[in-house]
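Numbering starts at 1 and runs along the sequence shown. Note that the coordinates shown come from a computational prediction; the quantities given were computed from them, not determined experimentally. All ligand and atom numbering here is 1-based and tracks the order in the structure.
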Amino acid sequence: MLSFTGKVYFIFPLHTDSEVSARKKTFTEVQAEGLEQAQKTVLISYPTGISKKNILQYVSRHGKINSHFFYEGHGPHAMVEFSEKESIYSLQDVAQIADCSSVPGIPLKSRLFTLTPRQSLSQALDETSVHNYQHPTIPIEDLVQKLCCADSISNQLYSLLNEYQLTEENIKLRFLACSLIQDIARAYFPECVVKPFGSSVNSFGKLGCDLDMFLDLDEIGKSSTPKKTGPFQVEYHIKRMPSLRTATQRILSVIGDCIANFSPGCTHVQKILDARCPLMRFFHQPTGFQCDLTANNRVALRSSELLYIYGNLDSRVRALVFAIRCWARTHGITSSTSGPWITNFSLTMMILFFLQNRKPPILPTLAELKNLADAEDEHIIGGHDCTFVSNPNKINQTENTETLDVLLNEFFEYFGNFDFSSKSINICEGKEHNKPEPSPLYIQNPFERALNISANVNQNQLDRFVALARECAWLLQQVDQDHGRDSKQPWGLAALLVPLIKISKKKMGTRTLASARIKVLLNSLRANSANKKGERAFSSWSLK
Ligand code: GTP
Ligand code: MG
């Protein structure tokens, strides 16, 4: 039996099975540090052709620069983090508001600046050293080629992780985008905080993933410590609302209007207030992020912390999650739009559940993490117990030594044969239970336990997942026989990322897995005709 009470090494980023660097930051520390740095940061756009050295020289007149980087977003940009906030005021002091009578616009002093040279520029382009890191994910064909050069499936998974995980710069930019939106929201709520959550900070973010933002109004009361007020208690008047949901919708609606009308660089603003979790969606042009702003969504922030802890407990977790998420996206198991598809969040829960079920377990159950919690870890949100240990140093490392080669194959075997028709998945106890209702896929919400996070998934999508899982388990089992003999063909993880029909024709006997493929075809025909009849299912999360 494993006891999760000893020491663990916090590892991030991860490169190989053996490369371990100690890191013990809690999620709260990472959030606080990221937001603090972001508040000292400005974003500067400038015309192509100006030397970066000149930009830095000029900006450093306003204060010591802590860190900086250049990138190609909507034109060339520099992100500059000062050592002191005062340096921003100094830059703002010299910045002019464009003449609104000639260029209609709304005057606003923000932390987004444009530098325009007073004299005419030499035309020598300076593009080479600007890293275009915003869209650096390598195309899948190149990734497949790269993976083929690795010497084991484990190293293929680590290689994919290194290619796709968020870079330090990308994460800084995400905190900065939150901080810029916070500046706008503070016009109404001066002490509010806008925090990133979801894959931007839960350690499973892939380059290009959306930016989930949480407008936290609970910080407002926190700074005021109870003071002695004599014989009376003094309280602010507050506007009463019919429900918390209505309050959330109104707040988001107003902030959404501000973002749409006054926030420079925010475009395509959409109010999605009727969703189960109301949100404002917009594109933040200066950073290039697709953003979802929510409020009163503390449970999701807590889920992000839980995933962050799981992602950093063992070097294999993130590598496996990235590989399976990438596989799922390549084959249309997950999608960037709402619909009857398995979401990344649900898929991650399935992987965690699988890892809890290895012998010995690679990950502790949520119940075990709860047993390790201190008084300060106690979180009851909206009546739901969201308590678990937040200090990673209290969690023991697993004794399981299975390689990623084995785990990848076993994942597909496990879910290729899982009894989805009668069993549900839950990471609280790490055990299957009988399904409480007949949704095709039932994954218990770890905190709001009466909810199924995959209620949107239809039978057709689940069948596709199962058929592909079986097919991939079969393909991985061919590696030992084929690798080396037929090295021009994608192998291992690479073979799973190309259309399977291509590989299958060459490697599989025609009858092997034919039944699985026929089932997939029949189901997609069925789904097509259902769609024609107007049937639509949506993610339980984004839309009601
Ligand atoms: P990406 O697909 O990379 O964006 O992954 P993500 O984890 O950021 O997922 P998404 O943007 O859909 O959701 C953001 C966060 O909201 C997740 O990480 C969860 O914490 C939470 N979340 C998403 N879907 C659900 C759901 O169905 N139920 C609950 N309770 N929380 C959810
Ligand atoms: Mg997200």
Inset, instruction - Using the ring of Phe214 (Phe, Tyr or Trp, six-membered ring only), decide whether Lys195 places NZ or CZ under 6.0 Å from its centre and within 45 degrees of its axis. - result: no
Inset, instruction - Below 4.0 angstrom from a heavy atom of Arg325, which ligand 1 atoms are there? Numbered from 1 as shown, please. - result: 3 (O)
Inset, instruction - Pick one of side chain, backbone, both or neither for how Phe447 approaches ligand 1, counting any non-hydrogen atom pair under 4.0 Å. - result: neither
Inset, instruction - For ligand 1, indicate whether the residue Ile453 contacts it via side chain, backbone, both or neither (heavy-atom separation under 4.0 Å). - result: both
Inset, instruction - Below 4.0 angstrom from a heavy atom of Phe197, which ligand 1 atoms are there? Numbered from 1 as shown, please. - result: 14 (C), 15 (C), 16 (O)
Inset, instruction - Please state which part of Glu448 comes within less than 4.0 Å of ligand 1, counting heavy atoms only: side chain, backbone, both or neither. - result: side chain
Inset, instruction - Within a distance under 4.0 Å of any heavy atom of Ser199, pick out the atoms of ligand 1 and give their elements. - result: 1 (P), 3 (O), 4 (O), 5 (O), 6 (P), 7 (O), 8 (O)
Inset, instruction - Take every heavy atom of Asp212, measure it against each atom of ligand 1, and state whether any distance is under 4.0 Å. - result: yes
Inset, instruction - Output the atom name for the N/O/S atom of Asp210 with the smallest distance to the Mg ion (ligand 2). - result: OD1
Inset, instruction - State if Asp210 counts as touching ligand 1 under the rule of any non-hydrogen atom under 4.0 Å. - result: yes
Legend entry - Backbone of Ser424 reached by a side-chain donor or acceptor of Glu432 within 3.5 Å: no
Inset, instruction - Decide salt bridge (charged side-chain N to carboxylate O under 4.0 Å, His left out) for Lys172 and Glu169; before the verdict, give the C-alpha distance in whole Å, the side-chain angles of both, and the deciding distance to 0.1 Å. - result: CA-CA 5 Å; Lys172 276 184 183 230; Glu169 286 140 352; over 6 Å; no
Inset, instruction - Please confirm whether Lys206 comes under 4.0 Å of ligand 1, counting heavy atoms of the residue only. - result: no
Inset, instruction - Check for a donor-acceptor pair, side chain of Asp292 on one end and backbone N or O of Asp212 on the other, with a separation under 3.5 Å. - result: no
Legend entry - Separation between OG1 of Thr28 and CG of Asn391, rounded to the nearest 0.5 Å: 10.5 Å
Inset, instruction - With heavy atoms only and a cut-off of under 4.0 Å, state how Met349 meets ligand 1: side chain, backbone, both or neither. - result: neither
Inset, instruction - Under 4.0 Å from a heavy atom of Cys209: give me the atoms of ligand 1 that qualify, with their elements. - result: 3 (O)
Legend entry - Test: Arg358 cationic atom under 6.0 Å from Tyr414 six-membered ring centre, within 45° of axis: no
Inset, instruction - Check step by step if side chain to side chain contact (heavy atoms under 4.5 Å, CB included) holds for Tyr442 and His433. - result: CA-CA 10 Å; Tyr442 196 103; His433 283 283; over 6 Å; no
Inset, instruction - Look at Asp212 and state whether any of its N, O or S atoms is less than 2.8 Å from the Mg ion (ligand 2). - result: yes
Legend entry - Structural part of Asn202 in contact with ligand 1, heavy atom criterion under 4.0 angstrom: side chain
Inset, instruction - Output the distance between atom CZ (Phe418) and atom CG (Leu462), rounded to the nearest 0.5 Å. - result: 10.0 Å
Legend entry - For Ser303, the ligand 1 atoms whose distance to one of its heavy atoms is below 4.0 Å: 20 (O)
Legend entry - Spacing of CD1 belonging to Ile395 relative to CG belonging to Leu363, to within rounding of 0.5 Å: 9.5 Å
Legend entry - Test item: Arg111 side-chain N/O and Thr41 main-chain N/O as donor-acceptor pair under 3.5 Å: yes
